Amino acid sequence: MHLVMLPGDGIGPEISHATRRVLEVVDRALALGLTFEEHEIGLSRLARDGSTFPEAVLERCRASDGVILGPVSHSDYPPREKGGINGSALLRRELDLYANIRPCRSREGLAYYGRTPIDLVIVRENTEGFYADRTMHMGTGEFMPTPDVAIAMRKVTAKGSERIARAAFEIARTRRRRKLTYVHKVNVLKMSDALFLKEGRRVAESYPDIATDDQLIDSMTAMLVRDAARFDVIVTTNMFGDILSDLASELSGSLGLGAAINAGDQHCVAQAQHGSAPDIQGQDKANPCSLVLSAAMLLDWLADRLDRPDLRRGAAAIDAAVDHLVKDPATRTRDLGGLLGTQAFAETLCKEVESRLRHTR
């Protein structure tokens, strides 16, 4: 099973290296047959080859069993015509990764910031919405007809709404507590969000065992602070999901623990929820957990796709090891009030994962 690793910008190489070390431990312990192929992307690749994400890298991603993408500093890239390609957006579009799946849960021993603990999954549509690079066949979804007027278009389709709803219902049925909440703003976006809700409710007819409700996006932000424990699976459109998942992850303890995959029917990319943090690049301060946990989600996705329980066992060991380490400040990273830098935490995590796999044989 062949994985492509794209370390990215800023802290990306540091946390990607830590993630690979953890996966190599799992591979050795379970004889998973993992192989790795690494490609430089981002600003360093631009300086060398004139593109942040060459076409050849995309083709290697397309041919792989899975991709692990480090954070990218795409806001610092030049225009696309000068080689500035946002690899995250490109992969979502070109590999049709329509489901951005972001679990958020409180962890024992680590403070959470809402009134109740959190244990939910946000399922975000990934290929449409207000994102300008995902709304047009050619050109961009933002334009300026005059120098003092800027217009952004939002695209919502029946197909996009149907398939993200189905993905969310499947998660609610097979992995969760069988409750699903639609998040929208239909009182203002009376056509696009009405279509999103219509398709979601049509899909719901095939899942009579799943309880459903809905929330307006503004009230949802308040409810996550006030009573996050009432929610299980949340399905929503692109921008709303992007914002809500950052809020939920931070409320649960830290964005640095926020795992995510971008999944389609044929491909999956593991990607940390947070950005590239160039201000701490190279200082051994980065928390690698978000990318490590995202890689564990990739193993889970592959386990489902390939019917490989050993992959699921590896993912569970990683998740349990992180849970164990963040309980104690002595084995946390500094951003979580702990003592460890990136490399020391990675070493500690590798030992914990190896120990768990050894004792559960």
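Nothing here was measured: the structure is a model prediction, and the numbers come from that model.
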Exercise. Step by step, would you call Arg62 with Gln266 a side-chain hydrogen bond (donor to acceptor under 3.5 Å, both in side chains)?
Worked result: CA-CA 9 Å; Arg62 202 187 301 277; Gln266 303 297 325; over 6 Å; no
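Electrostatic pairing of Lys185 and Asp193 does not count as a salt bridge here, judged by no charged N lying under 4.0 Å from a carboxylate O. Between Glu162 and Arg166 there is a salt bridge, since at least one side-chain N of the basic residue sits less than 4.0 Å from a carboxylate O of the acidic one. Between Asp319 and Arg356 there is no salt bridge, since no side-chain N of the basic residue sits under 4.0 Å from a carboxylate O of the acidic one. By the 4.0 Å N-to-carboxylate-O rule, Asp265 lies too far from Arg163 to be salt-bridged with it. For the pair Arg21 and Glu24, the salt-bridge criterion is not met [side-chain N within less than 4.0 Å of a carboxylate O]. Note on Arg45 versus Asp9: no salt bridge recorded, every NZ/NE/NH1/NH2 to OD/OE distance being 4.0 Å or above. Salt-bridge formation is not detected for the pair Arg178/Asp232: no Lys NZ or Arg NE/NH1/NH2 atom is positioned less than 4.0 Å from an Asp or Glu carboxylate oxygen.
Looking at Asp148 and Thr146, their side chains do bring a donor and an acceptor atom within 3.5 Å of each other.
Ring pair Tyr207/Phe169 is parallel by interplanar angle, where below 30° counts as parallel and above 60° as perpendicular.
Within the structure, ring-ring contact (aromatic ring centres under 6.0 Å, His included) pairs that include any residue of residues 300-350 do not occur (at least two apart or interchain). A salt bridge (charged side-chain N to carboxylate O under 4.0 Å, His left out) check over residues 270-290, counting only residues at least two apart or in different chains, returns nothing.
Taken to the nearest 0.5 Å, the CD1 atom of Ile85 stands 12.0 Å off from the CG atom of Asp133.
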